[in-house]
Colleague: 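I have a structure here, written as structure tokens, and I will follow up with some questions on it.
Hydrogens, waters and symmetry mates play no part in the numbers below; they use all other heavy atoms, side chains included.
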Amino acid sequence: MTATDVRKPRRRSARPVWDEEPSILGKLVKAAFLLCYAAAIVLPIWAVVATSFASERALTRAGGNLLLLPTDVSLQAYREIFSGGALTDSLILTGLLTLCGTAISMVLTICGAYALSRTGSLLHRPILWLILLTFLFGPGMYPSFLVVQQLGLFDSYWSLILPGAVGTFNIIILRAFFQNSIPGELLDAAKMDGAGEFRTLFLIVLPMSKAILAVIALFYAVGYWNLYFQAVLYTPGLDTQPIQVVLQRMLMSSQGLPEGAQAAAQYQAQGEAAPTAALKMAVVVCTIIPIVIMYPFIQKHFTKAVITGAVKG
């Protein structure tokens with residue numbers, strides 16, 4: 001037997017399976033899956049937006065259901081929202097709560113995280129342990145309600161901001177960023193130049209932390225914009241409620257449930273007609289738009305903050 005008769009073994013590709021070029025069938029399956037996934041996300045949103053622009057006649061023909069292609073376009077629902085009535089006041093209140101709450105939360109979180117990142121600060125370790133314990137032991141609904149009541153915050157808009165002004169997760173993440181991503185040499189140089197802690201914080205630390213600050217501000221803003229449970233629990237007697245509470249009452253008014261009957265009775269007692277499907281969906285759109293507008297401006301900072309956290313560990 002000669003050497004030429006011996007077949008050389010075929011060399012297997014060193015690349016893993018997921019790096020190989022997919023087959024035509026694989027590409028078609030992936031494309032079909034992505035199309036179905038995108039349709040499952042886009043179609044409900046499109047139906048909400050289309051229904052918000054539908055006229056009363058189109059909604060009557062559809063039996064009050066959501067529409068994908070409204071034949072008669074009307075802006076009546078949005079005119080009612082921004083006409084200066086209760087819905088307008090609710091939107092303004094939610095916007096003010098979001099702005100004020102986010103500002104207060106960011107100030108407290110930045111100061112707390114920076115103080116905890118300075119290992120030589122007063123009572124550094126006991127305070128850090130107390131904050132970490134809140135991850136394990138939550139106060140519960142009833143004790144939180146009693147604290148708000150005893151502090152005189154019940155039926156006050158401050159009860160929607162102060163009890164949850166500082167998020168433990170956010171303060172720990174920001175503290176880790178200050179410790180791992182801010183060079184200690186810069187802080188030492190600032191101290192040698194006579195800079196105090198506040199000057200070091202505002203002139204050195206904060207300009208280098210724009211990415212993580214933008215992400216934490218987004219977390220706080222989304223939380224305040226979506227306030228619902230706290231408003232139901234702490235401010236039941238106030239006339240103007242956050243938009244999420246108003247939206248829940250509007251959506252429940254047409255449901256065959258005890259909550260729906262109660263919501264419908266409230267509208268009847270106030271001499272108002274039950275909200276139409278177009279008005280409900282218009283309020284939904286108004287609650288979504290601010291977050292949708294905000295996210296593209298935060299996205300680049302969000303990606304940068306995630307990458308920085310992954311690299312720094």
Colleague: Hey, does Ile172 have a side-chain heavy atom less than 4.5 Å from the side chain of Leu128?
Modeller: yes
Colleague: Determine yes or no for a side-chain-to-main-chain donor-acceptor pair under 3.5 angstrom, with Ser156 supplying the side chain and Ser159 the backbone.
Modeller: no
Colleague: Any non-hydrogen side-chain atom of Gln179 less than 4.5 Å from a side-chain atom of Arg175?
Modeller: yes
Colleague: Does Ile104 form a side-chain contact (heavy atoms from CB on, under 4.5 Å) with Leu108? I'd like the steps, not just the answer.
Modeller: CA-CA 6 Å; Ile104 293 173; Leu108 296 177; 4.0 Å; yes
Colleague: What closest approach, in Å, do Gln244 and Leu227 show between heavy atoms, and which atom pair accounts for it?
Modeller: CB-O, 3.3 Å
Colleague: I'd like to know if the side chain of Ser83 and the backbone of Glu80 have a donor-acceptor N/O pair within less than 3.5 Å.
Modeller: yes
Colleague: Can you confirm whether Gln230 sits close enough to Val148 that some side-chain heavy atom of one is under 4.5 Å from a side-chain heavy atom of the other?
Modeller: no
Colleague: Let me check something: do Ile161 and Phe169 share a hydrophobic cluster, defined by ILVMFWY side-chain heavy atoms less than 4.5 Å apart, either directly or through other members?
Modeller: yes
Colleague: Measure the OG-CD distance between Ser74 and Glu56 for me, rounded to the nearest 0.5 Å.
Modeller: 8.0 Å
Colleague: Does a donor on one side chain sit under 3.5 Å from an acceptor on the other, for Thr235 and Tyr157?
Modeller: no
Colleague: Got a second to check how far Leu132's CG is from Thr168's OG1, nearest 0.5 Å?
Modeller: 8.5 Å
Colleague: Using every non-hydrogen atom in the two residues, find where Gly84 and Asp89 come nearest and quote the distance to one decimal.
Modeller: O-OD1, 4.4 Å
Colleague: Would Phe229 end up clustered with Val147 when hydrophobic side chains under 4.5 Å apart are linked, directly or stepwise?
Modeller: yes
Colleague: Please tell me if the side chains of Leu162 and Leu151 come closer than 4.5 Å, counting only heavy atoms from C-beta onward.
Modeller: no
Colleague: Kindly work out whether a path of hydrophobic side-chain contacts (I/L/V/M/F/W/Y, heavy atoms less than 4.5 Å apart) joins Phe53 to Leu43.
Modeller: no
Colleague: With side-chain contact (heavy atoms from CB on, under 4.5 Å) as the criterion, how do Leu187 and Val205 come out once you've worked through the C-alpha distance, each side chain's angles and the decisive distance to 0.1 Å?
Modeller: CA-CA 8 Å; Leu187 302 180; Val205 177; 3.9 Å; yes
Colleague: For Ala50 and Leu68, work out which heavy atoms get closest and say how close.
Modeller: CB-O, 3.8 Å
Colleague: Could you check whether any side-chain heavy atom of Tyr224 comes within less than 4.5 Å of a side-chain heavy atom of Pro242, counting everything from C-beta outward?
Modeller: no
Colleague: Can you tell me if Leu133 has over 12 outside heavy atoms packed within less than 6.0 Å of its CG?
Modeller: yes
Colleague: May I ask you to decide if Tyr114's main-chain N or O and Ser117's side chain share a donor-acceptor pair within less than 3.5 Å?
Modeller: yes
Colleague: Determine, stepwise, if the pair Leu174 / Leu213 fulfils side-chain contact (heavy atoms from CB on, under 4.5 Å).
Modeller: CA-CA 8 Å; Leu174 190 57; Leu213 292 178; 3.9 Å; yes
Colleague: With sequence neighbours excluded, what pairs up with Met192 under the side chain to side chain contact (heavy atoms under 4.5 Å, CB included) test?
Modeller: none
Colleague: Kindly indicate whether the side chain of Thr287, heavy atoms from C-beta on, has any atom under 4.5 Å from the side chain of Asn226.
Modeller: no
Colleague: Nearest 0.5 Å, what's the CG-CD1 distance between Leu97 and Ile92?
Modeller: 12.0 Å
Colleague: If I take atom SG from residue Cys286 and atom CD1 from residue Ile243, how far apart are they, to the nearest 0.5 angstrom?
Modeller: 7.5 Å
Colleague: Treating Ile, Leu, Val, Met, Phe, Trp and Tyr as nodes and any side-chain heavy-atom pair under 4.5 angstrom as an edge, say whether Leu35 and Val29 lie in one connected cluster.
Modeller: no
Colleague: Which pair of non-hydrogen atoms, one from Ala282 and one from Ile81, has the smallest distance, and what is that distance?
Modeller: CB-CD1, 3.5 Å
Colleague: Give me the atom names and distance for the closest heavy-atom approach of Ile171 to Val166.
Modeller: CD1-CG1, 4.2 Å
Colleague: With sequence neighbours left out, what residues match Glu197 under salt bridge (charged side-chain N to carboxylate O under 4.0 Å, His left out)?
Modeller: Arg118
Colleague: Does some side-chain heavy atom of Val284 sit less than 4.5 Å from a side-chain heavy atom of Ser52?
Modeller: no
Colleague: Measure the spacing between OG1 of Thr98 and CH2 of Trp225 and express it to the nearest 0.5 Å.
Modeller: 5.5 Å
Colleague: Return the minimal non-hydrogen interatomic distance between Phe178 and Ile110, and the atom names on each side.
Modeller: CE1-O, 4.1 Å
Colleague: Please examine the side chains of Asp155 and Tyr234, heavy atoms only from C-beta on, and report whether any two atoms are closer than 4.5 Å.
Modeller: no
Colleague: With Ile127, which residues qualify under side chain to side chain contact (heavy atoms under 4.5 Å, CB included), at least two apart?
Modeller: Leu116, Leu123, Ile131
Colleague: Rounded to the nearest 0.5 Å, how far apart are CE of Met250 and CE of Met281?
Modeller: 8.5 Å
Colleague: Can you get from Tyr78 to Val73 by hopping between Ile, Leu, Val, Met, Phe, Trp and Tyr side chains that sit under 4.5 Å apart?
Modeller: yes
Colleague: Give the C-alpha distance, both sets of side-chain angles, the deciding distance and a yes or no for side-chain contact (heavy atoms from CB on, under 4.5 Å) between Phe82 and Leu91.
Modeller: CA-CA 9 Å; Phe82 298 104; Leu91 280 174; 3.9 Å; yes
